[in-house]
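Inspection log for the structure reproduced underneath, given as structure tokens.
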Amino acid sequence: MLGLRKALRWLKNKVVKKAQGLLLRVISAGPTPKHVAFIMDGNRRYARSHRRRVQEGHYEGFLVLRKMLEICYRLNIKCVSVFAFAIDNFNRPEDEVEALMSLAEKKLIELSSHGNLLNEYGVRLNVVGNVALLPESVQRAVRKAERMTRHNNAAIFNLHMPYSSRYEITLAVQSCVRNAIASNDDRMITEDDIDNQLLTTLGGSPPLDVLCCEDTQIHFINTYWPDFGLLHFIPIILAYQQKVWNGTNIL
């Protein structure tokens with residue numbers, strides 16, 4: 001009886017995987033966003049709602065991240081940005097932060113290693129944020145992971161960690177001022193100048209299509225990140241495609 005249940009479970013998984021693959025192929029035949037971003041929000045609440053440790057919620061969040069990255073690259077989405085850890089998150093309990101840093105150190109190398117997800121799809125990793133705030137061991141993992149994928153040119157994965165928009169904008173403005181002084185340029189700094197100095201722009205990312213920004217489709221999902229999956233994502237892509245076909249503004 002146990003063997004029969006295992007066989008039925010295996011068969012179900014095979015059927016579901018085949019159906020998902022077919023669905024992704026059909027959808028990828030239409031227009032897809034060039035740049036999609038996710039905010040990994042709700043890991044802690046997910047863990048508490050399932051009466052599990054917070055650290056387990058973050059681990060489940062990583063599994064979903066890996067799954068969603070693969071879905072995006074199979075849909076020919078060329079750039080994926082993930083907001084994984086805010087600078088303010090260092091104010092969380094010490095044991096939670098340490099567990100997150102340990103998870104990040106391990107999974108950065110795992111994702112980037114030969115034969116794994118990023119190399120399989122030719123994805124270059126950019127870690128975006130104030131990396132100097134990370135523990136030295138995590139900084140080494142960041143440098144190694146970026147080095148391992150630096151020759152990949154089929155797609156981009158921006159991992160925002162540790163990140164804040166204030167930090168990125170401040171850095172961009174400082175770069176604009178330095179460039180103006182170095183070139184003896186006394187003209188006014190423009191929005192385009194700042195945009196050209198943003199960390200994601202410098203990393204080669206196209207403008208964001210799906211999340212929040214000019215010409216960006218915004219979606220708020222009433223789901224914790226570890227519960228997010230293909231069935232939540234497909235309606236978002238279909239809505240994007242419908243707007244493209246109708247010639248309406250993505251926003």
Side-chain angles (χ1 to χ4, degrees), residues 1-2 5-17 19-20 24 36-74 80-113 116-118 125 127-131 133-142 145 157-164 210-212 219-236:
M1 194 67 179
L2 181 61
R5 282 200 296 268
K6 286 181 66 176
L8 289 174
R9 189 161 55 246
W10 176 86
L11 181 61
K12 177 185 175 183
N13 290 338
K14 292 288 285 185
V15 170
V16 168
K17 190 173 181 179
Q20 288 179 347
L24 291 175
V36 170
F38 299 102
I39 299 176
M40 295 175 63
D41 191 28
N43 291 345
R44 297 196 298 175
R45 282 167 287 165
Y46 168 87
R48 289 163 183 156
S49 69
H50 288 76
R51 297 184 179 181
R52 297 167 70 178
R53 295 186 307 137
V54 169
Q55 291 86 339
E56 293 178 74
H58 291 305
Y59 179 77
E60 293 294 329
F62 167 79
L63 297 181
V64 171
L65 167 60
R66 194 187 190 290
K67 179 173 65 177
M68 293 310 303
L69 284 174
E70 182 162 20
I71 288 171
C72 286
Y73 298 132
R74 290 180 67 181
V80 180
S81 292
V82 172
F83 295 86
F85 189 85
I87 290 175
D88 288 347
N89 289 159
F90 281 115
N91 296 323
R92 290 183 176 182
E94 185 177 348
D95 60 337
E96 181 183 350
V97 173
E98 287 179 355
L100 269 168
M101 293 298 105
S102 176
L103 181 64
E105 180 181 351
K106 177 182 178 183
K107 298 304 181 182
L108 275 168
I109 302 303
E110 180 181 311
L111 275 174
S112 307
S113 61
N116 214 306
L117 180 69
L118 300 188
L125 170 68
V127 178
V128 180
N130 193 350
V131 177
L133 296 178
L134 297 171
E136 181 56 38
S137 61
V138 182
Q139 291 184 44
R140 287 195 298 270
V142 167
F157 170 36
N158 295 316
L159 179 62
H160 290 69
M161 173 184 170
Y163 176 84
S164 78
V210 177
L211 185 63
C212 55
H219 286 274
F220 295 97
I221 308 298
N222 189 26
T223 301
Y224 299 141
W225 173 251
D227 284 324
F228 190 82
L230 179 64
L231 295 182
H232 300 94
F233 190 49
I234 290 302
I236 295 173

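Numbers here are sequence positions counted from 1.
Looking at Ile236 and Val36, their side chains never come closer than 4.5 Å, going by heavy atoms from C-beta outward. In this structure, Leu69 and Leu117 have side chains that are in contact, with non-hydrogen atoms separated by less than 4.5 Å. At a threshold of 4.5 Å between non-hydrogen side-chain atoms, the residues Leu134 and Val142 count as touching. Counting only heavy atoms from C-beta outward, the side chains of Leu133 and Ile87 approach each other to under 4.5 Å. Counting heavy atoms from C-beta on, the side chains of Val82 and Asn158 never come closer than 4.5 Å.
Residues Ser49 and Tyr224 share a closest heavy-atom pair of OG-CE1, 3.9 Å. When all heavy atoms of Pro226 and Val64 are compared, the closest pair comes out as O-CG2, 3.2 Å. The shortest non-hydrogen separation linking Leu111 to Arg66 is CD2-CG, 4.0 Å.
For the atom pair CG (Leu65) and CD (Glu70), the distance works out to 12.0 Å, reported to the nearest 0.5 Å. Atom CD of Gln55 is separated from atom CG of Leu100 by 8.0 Å, given to the nearest 0.5 angstrom. Taking OG of Ser112 as the reference point, atom CG of Leu118 lies at 5.0 Å (rounded to 0.5 Å). One distance of note links CE of Met40 with CZ of Phe62; it measures 8.5 Å at 0.5 Å rounding. Atom CE of Met68 is separated from atom OH of Tyr73 by 11.5 Å, given to the nearest 0.5 angstrom.
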**Request:** Any chance you could lay out the ring pair (Phe, Tyr, Trp, His ring centres under 6.0 Å) test for Tyr163 and Phe83, step after step, and finish with the verdict?
**Result:** CA-CA 8 Å; Tyr163 176 84; Phe83 295 86; 5.4 Å; yes
**Message:** Is there a side chain to side chain contact (heavy atoms under 4.5 Å, CB included) between Leu24 and Ile71? Walk through the geometry before answering.
**Reply:** CA-CA 8 Å; Leu24 291 175; Ile71 288 171; 4.0 Å; yes
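When the side-chain hydrogen bond (donor to acceptor under 3.5 Å, both in side chains) test is applied to Arg53, no partner is found at least two apart in sequence or on another chain. Legend: residues meeting side-chain hydrogen bond (donor to acceptor under 3.5 Å, both in side chains) with Tyr46, ordered by chain and number and at least two apart, are absent. Under the rule for a side-chain contact (heavy atoms from CB on, under 4.5 Å), the partners of Arg92 that lie at least two apart in sequence or sit in another chain are Arg44, His58, Asn89, Glu96, Val97. Glu94 meets the side-chain hydrogen bond (donor to acceptor under 3.5 Å, both in side chains) test with no other residue; sequence neighbours excluded. Under the rule for a ring-ring contact (aromatic ring centres under 6.0 Å, His included), the partners of Phe233 that lie at least two apart in sequence or sit in another chain are Phe38. Residues passing the ring-ring contact (aromatic ring centres under 6.0 Å, His included) test with Phe157: none are found, sequence neighbours excluded. With sequence neighbours left out, Asp41 forms a side-chain contact (heavy atoms from CB on, under 4.5 Å) with Ile39, Arg45. Legend: residues meeting side-chain contact (heavy atoms from CB on, under 4.5 Å) with Leu63, ordered by chain and number and at least two apart, are Tyr59, Glu60. Every residue was checked against the side-chain hydrogen bond (donor to acceptor under 3.5 Å, both in side chains) condition with Glu98, not counting sequence neighbours, and none meets it.
When the shell of 6.0 Å around CG of Asn91 is examined, it contains more than 12 heavy atoms from other residues, nucleotides or ligands.
Residues Asn43 and Arg48 bring no donor and acceptor atom of their side chains to less than 3.5 Å of each other.
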Show the atom names and distances, to 0.1 Å, of all donor-acceptor pairs under 3.5 Å that link a side chain in residues 101-109 to residues at least two apart or in another chain.
| residue | atom | partner | partner atom | Å |
| --- | --- | --- | --- | --- |
| Glu105 | OE1 | Ser137 | OG | 3.2 |
| Lys107 | NZ | Glu110 | OE1 | 3.1 |

